[in-house]
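Model, not experiment: these values are computed from the prediction. As a basis for the values below, the full set of heavy atoms in this structure was taken, side chains included, without hydrogen atoms, waters or symmetry mates. A note on names: the letters A, B, ... follow the listed sequences, proteins ahead of strands, and every chain is numbered from 1.
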Amino acid sequence: MSGRKQYREVKNLSQTQIEKEILAYWKENDVFAKSISSREGKPQYVFYEGPPSANGLPGIHHVLARGLKDIFCRFKTLQGYQVKRKGGWDTHGLPVELQVEKMLGITKKDIGTKVSVAEYNERCREEVMKFKDVWDDLTIKMGYWVDLEHPYITFKNEYIETIWWILKEFYQKGYLYKGLKIQPYSPAAGTGLSSHELNLPGCYRDVKDTSCVAQFKVSPQSTDHSSPLKELQKEGGADNIYFLAWTTTPWTLPSNTALAVGKNIDYSLVETFNPYTHQQVRLILAKELLGKYFQEENENKDFSSYQNDGKNLPYKILASFKGKEFEGMRYEQLLPFEANKKENIDGDAFRVVLGDFVTTSDGTGIVHIAPSFGADDMKVAAENGIGTLTLVDKEGKFIDGVGEFSGRYVKDYKDDPNYVSVDIDICVKLKQENKAFKIEKYEHSYPHCWRTDKPVIYYPLDSWFIKVTAAKERMMELNKTINWKPESTGSGRFGQWLENLVDWNLSRSRYWGTPLNIWRTEDGAEEICIGSIEELNNEIQKSIDAGLLDKNKFNIQHSSFNIDLHKPYVDEIILVSPLGKPMRRESDLIDVWFDSGAMPYAQWHFPFENKETFEKSFPADFIAEGVDQTRGWFYTLHAIAVLLFDSVAYKNVVSNGLVLDKNGNKMSKRLGNAVDPFTTIEKYGADITRWYLISNSQPWDNLKFDIEGLAESGRKLFGTLYNTYNFFAIYANIDGFTIDKNNSIPIEERSEIDRWIISKLNNLIKEVTEAYEDYEPTKAARAVEDFVIEHLSNWFVRLSRRRFWGNELSKDKKAAFETLHECLNVVAQLMSPVAPFFSDWLYQNLNGTKESIHLSYLAIADLNLTDAELEQRMEWAQEISSLVLSLRKKTKIKVRQPLQKILIPAIDKHFIQQIDQVKELILSEVNVKEIEYISDTAGIISKKVKPNFKLLGKKLGGKMKAATEVIQELNNEQIAQLEQNGSLELILDGETFNILLEEVEIISDDIQGWLVASNSGITVALDITISDQLRDEGFAREIVNKVQTERKESNFEVTDKIVLHVQNQLVLNNVLNRYKEYICNETLASDILFSGDISNGKDFDINGEVLNLFIQKV
RNA sequence: AGUCCUAUAGCUCAGUUGGUUAGAGCACUGCUCUGAUAAGGCAGGGGUCGGCAGUUCAAGUCUGCCUGGGACUACCA
């Protein structure tokens, strides 16, 4: 063939090569920027990029998460929306700090001494962008389109300024407050721990602690008239009645200030012995928990039988009470010391209070309350006006005035080899003093400091909070308007979280982060919240004027940005209060999650700049991150938006699951099962990786990543598509066909199979568009895959091949080209969000253009071109073909052997009409001459009846089972009757029922004397008589096949002409002569030459006959 | 400990409002087709639908409990 090739032909598919080409093309033509600028003025689709942190390397799960983001942004662009995507970097926070500390070989304590804060933060600033290039590289190579050139960076002054503005808004609305909260605290590290730190893997550990059931003695003075124990105290003396309370932290017992009981819990007063002192005692504990401490057979046993061995305690239930009866009762302090004298405690301590958190699942049903060391304790004590006792200092040791325990560490915080457990010593003391009822080791899960490995304690710390609880209802309400994918994450996980909302603790005592913008006088009486740099500069000026700041150092021009808003510089700024007192900045930094949650505003430096841009891009239409962000970014975005603007921050959110290894284990560097995204992309290509990640399982399900699956995706979808395109290109080039949309053959004039695939294609457009719009990328990808492999390649192209082979560009051939082109073109569009490289390559090749597919507009489904009947009959054609092929297989008659006819039982005229329209396709597919429809008039068709369970089940109810049996055994006569009358009477258990024709399905499943196959209600019989003529035709086809195979093996071009040299053969000479024209046509032979002896021939087996043949290229 | 997700063939996954032979792809075996195919077709083996109860004429599907896997949350004394 001569002439320029219109369509590019490629010998071997190399996905990575394609991607390199396309990447270069995108870069050269600035296609990403164009995909935005070309949509100027169009409706916006707003996407927020959740900022990654560049201090670690990206993993394969980032390809999933970012691929997911990319899909919907590209899809919306295809639909004509303008989709701006600003990249971003999360730069503050603990991970960076730790990395720097490790690098410098220091700990937190050394900051400010061995290393200055300024230097430390400078290192953080560098370190946090350490892998930015690697991230950018991945972003580019995986084809994730996001603006890398103008990202928002959370450590920038502009970013911080917006955060300050938000905080000031909150401050002015009264949402910002300082309070004492019980927080996880690591005495060994000397620092409070964030919940994030507490949830680092391995922090919660099962440990064995000494647990203690302590006896709190009911105060003898508590004999007032209201006491429920009044009568008993009188009888047995008021001296030996105790509340039993259990704790796993005996060191908190000296700090006890109250006991809590459950209002509706049943309690018993039990008389028994103390197992250590063997004194007779009377104890109060939850009735339900008696079994934990006593054996039932010892109830009411003679007290004199007690062996003073602490075993088999005899006991007697004296009385029962409800918890609420105890409210307000007093008890004697368990461990009185100098430091915890009652006078030192605010409020009315050592009382019984009610607590709704009290349960009977553990302990005694009575909870020891140490307000300083437990959040619930603090809360319930505060509600009852009972103060705190903090007998432990920040180093984790008892303060002075706690007797023999003073100065001792409550846990072994110093790795002291001679450390003696305070818990045990306290228990021993209690035992001796008849104050302990049961001491034992108890295994439970307890948090540990991730850095020191030491147990965390809960400790009262000063903190700044955002009062998110004030907007709790509104947050829940607005959450209901958000479209969550999957839904359960929104209603379940996120919804539950909102229901149990507590105020957001903003404070972090770290160094590298956004400083809290509040300055206070030392006594806390005056304070100011700074909301902008301008305001700060004004205040600095006042302070300079007041002589508190050195004007040479702080003489700053208004609205200039030359102060670094980080520590230590902000802390050098001392402001002046209205009363003229110095105000210093509260030393805390804020939670880094606030940084990322503020990105909708801070990325635009709102409200200082870009007001309009911000307004157009809030709230987001779409965000996506891992499900682990539910309580992270998803929450902080939502909380800030609701508090600030009474709005959602995003309308649609997709939370993806984890990427696990092929065995379902979490990927980690430590286990060595992590998959490197670069290696994967290098080997298989980004498209195949993306396609696999999306099509293999729903993004919100966890994905078991198996490299074998990638290979399969590549082979199946991409291989098939590539071959389909190449097939098109080869023949289009041979015929010099060029697509011309203005001069194409109208669809209605195209052949049955063309109209069928066009119908399928339009339904596909509809389905895929809806799936993307519904944020169901997996459905979209699978639908495309199914269309390409099953319908386009395996049916349309396979059955249409012959149409592409003729000599000239006939009308039908042109239609075939146009149809195939259309299908490939649309498929490229539909797959382009997931596979942006290959689709662009395909699209450009198909259209002979240099215009990217990502600038094109998505085809819209034309439902006028869909035809359900056509699709139905094609399905039947496929079904019938499949049945015939299965019959051939049974009889071992190969497909190349033509057969005379197939029989199909059919009464329904519509069915016959339908099949007639696809008859030619069936006949050529199965190599049979004709189809004969037979009715049952001859009585050779046997039928079966299957009940329609849905209809009959409702009608018959309990009789359904019996009816099924009767119906399935109906004889031909009865069936005929049913068909004629439209109904039939059945007798079930003596009752008569009328079943209707539409309530059953009648299937013809056998034709007497024929070989039949049936499925899905269609039955086919095959005539297997091979006449002489059919046999000869079979020879001819066999010869053609052998010649074609030989041509192929000899590497002839598809268009090469040949001459066949044949050695005379008794049987086949006839065949060759009779079918000469057919054989020559098929094999592009100009002639068949016979001779008695050909020297260079080769023997071929033609259905048992040997043919010596030589193929000569001419 | 709580909340949520999840369990279907050796592997990866479908399975609509409950309706009767539980499907597909991969892998395996045999046969077959092919001038686009690292393909396709036909057939075969392979399932107690995690377990136990319950609702129902009917349960992979609905309900409860239990078990395994996972995520998140957590001071349960």
Side-chain angles (χ1 to χ4, degrees), chain A residues 13 182 184 195 198-199 204 211 245-249 252 260 355 357-359 361-364 366-370 373-378 444-447 456-458 486 488-489 491-497 500 626-628 630-631 657-658 660 662 664 666 695-698 700-704 706 708-709 712 715-716 719-720 722-731 782 786 789 793-794 797-798 801 804-805 881-882 885-890 892 894-896 946-954 956-964 1041 1044-1045 1047-1048 1052 1054 1082-1084:
Chain A
L13 172 67
I182 305 300
S195 57
L198 217 50
N199 277 304
Y204 275 86
S211 76
W246 177 62
T247 181
T248 53
T249 51
T252 62
F357 53 88
V358 181
T359 67
S361 55
D362 260 317
T364 63
I366 301 174
V367 178
H368 140 67
I369 301 291
F373 304 114
D376 272 343
D377 305 41
M378 175 66 119
H444 63 152
S445 149
Y446 196 83
V456 158
I457 64 175
Y458 290 85
S488 61
T489 302
S491 57
R493 187 178 286 201
F494 196 64
Q496 294 276 345
W497 166 259
N500 299 315
V627 69
D628 52 330
T630 310
R631 271 90 179 217
L658 301 178
L660 309 168
K662 62 185 276 190
K666 216 171 165 172
S695 66
N696 190 55
S697 66
Q698 305 264 34
W700 34 86
D701 288 335
N702 288 346
L703 177 100
K704 287 186 197 162
D706 187 359
E708 295 295 317
E712 192 183 323
R715 232 182 312 132
K716 293 207 58 168
T720 304
Y722 155 80
N723 280 315
T724 307
Y725 164 74
N726 232 21
F727 173 83
F728 169 84
I730 288 169
Y731 287 97
R782 285 177 181 170
D786 185 56
I789 296 169
S793 170
N794 286 348
V797 176
R798 194 159 59 84
R801 274 178 302 190
F804 295 93
W805 293 343
S881 303
S882 161
L885 290 173
S886 125
L887 287 173
R888 277 183 172 275
K889 153 78 188 164
K890 268 185 205 151
K892 298 200 190 260
K894 56 168 112 178
V895 183
R896 270 199 299 278
K946 205 173 119 186
N948 180 326
F949 286 89
K950 212 163 185 173
L951 291 176
L952 276 178
K954 275 180 191 134
L956 302 178
K959 297 278 189 295
M960 191 61 213
K961 225 169 196 170
T964 307
N1041 170 256
Q1044 300 287 41
T1045 311
R1047 280 185 63 123
K1048 198 175 175 182
F1052 290 7
V1054 195
E1082 289 292 311
T1083 61
L1084 292 187

Engineer: May I ask you to verify if any side-chain N or O of A:R801 is less than 4.0 angstrom from the OP1 or OP2 atom of B:A36?
Structural biologist: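 For B:A36, OP1 or OP2 has a side-chain N or O of A:R801 closer than 4.0 Å.
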Engineer: Mind checking the P distance from B:G60 to B:A53? Whole angstroms is fine.
Structural biologist: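 Straight-line distance between the two P atoms is 14 Å.
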Engineer: Just N and O in the side chain of A:S882: are any of them under 4.0 Å from OP1 or OP2 of B:C42?
Structural biologist: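 So the side chain of A:S882 is within the cut-off, an N or O lying under 4.0 Å from OP1 or OP2 of B:C42.
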Engineer: Using a 4.0 Å heavy-atom cut-off, does A:N702 contact any base of the nucleic acid, only the sugar-phosphate backbone, or nothing at all?
Structural biologist: sugar-phosphate
Engineer: Ignoring hydrogens and geometry beyond distance, is the side chain of A:D376 in donor-acceptor contact with the base of B:C75 at under 3.5 Å?
Structural biologist: yes
Engineer: Using a 3.5 Å limit on both distances, find every run of at least three consecutive Watson-Crick or G-U pairs that involves RNA chain B.
Structural biologist: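 The stems are B:1-7 with B:67-73, B:10-13 with B:23-26, B:28-32 with B:40-44, B:50-54 with B:62-66.
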Engineer: Does A:T720 have any side chain to side chain contact (heavy atoms under 4.5 Å, CB included) partners at least two apart in sequence or in another chain, and if so, which?
Structural biologist: A:T724, A:V788, A:I789, A:S793
Engineer: Name the pairs: protein N/O against N/O of nucleotides 25-31 of chain B, kept only if under 3.5 Å.
Structural biologist:
{"residue": "B:G25", "atom": "O3'", "partner": "A:K716", "partner atom": "NZ", "Å": "3.2"}
{"residue": "B:G25", "atom": "O2'", "partner": "A:E712", "partner atom": "OE2", "Å": "3.0"}
{"residue": "B:C26", "atom": "O4'", "partner": "A:E712", "partner atom": "OE2", "Å": "3.4"}

Engineer: What about A:S793: does its side chain form a donor-acceptor pair under 3.5 Å with the base of B:A36?
Structural biologist: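 Looking at the base of B:A36, it does pair with a donor or acceptor on the side chain of A:S793 (distance under 3.5 Å).
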Engineer: Counting only side-chain N and O atoms of A:Y722, is one of them less than 4.0 Å from OP1 or OP2 of B:U37?
Structural biologist: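 For B:U37, OP1/OP2 do not have a side-chain N/O of A:Y722 under 4.0 Å.
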Engineer: Does a side-chain N or O from A:K704 land closer than 4.0 Å to OP1 or OP2 of B:U12, or not?
Structural biologist: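 For B:U12, OP1 or OP2 has a side-chain N or O of A:K704 closer than 4.0 Å.
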Engineer: Using atom types as modelled and distance alone, determine if a side-chain donor or acceptor of A:E1082 lies under 3.5 Å from a backbone N or O of A:Q1044.
Structural biologist: no
Engineer: Are any protein N/O atoms closer than 3.5 Å to N/O atoms in nucleotides 15-19 of chain B? If there are, list each pair with its distance.
Structural biologist:
{"residue": "B:U17", "atom": "N3", "partner": "A:K950", "partner atom": "NZ", "Å": "3.3"}
{"residue": "B:U17", "atom": "O4", "partner": "A:K950", "partner atom": "NZ", "Å": "3.1"}

Engineer: With a 3.5 Å distance limit and no angle check, can you tell me whether A:N726 reaches the backbone of A:Y722 through a side-chain donor-acceptor pair?
Structural biologist: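 Not confirmed, A:N726 side chain does not pair with A:Y722 backbone.
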Engineer: Report the residues that fulfil ring pair (Phe, Tyr, Trp, His ring centres under 6.0 Å) with A:Y458, sequence neighbours left out, ordered by chain and then residue number.
Structural biologist: none
Engineer: Side chain to side chain donor-acceptor pair (under 3.5 Å) with A:Q698: which residues, sequence neighbours excluded?
Structural biologist: none
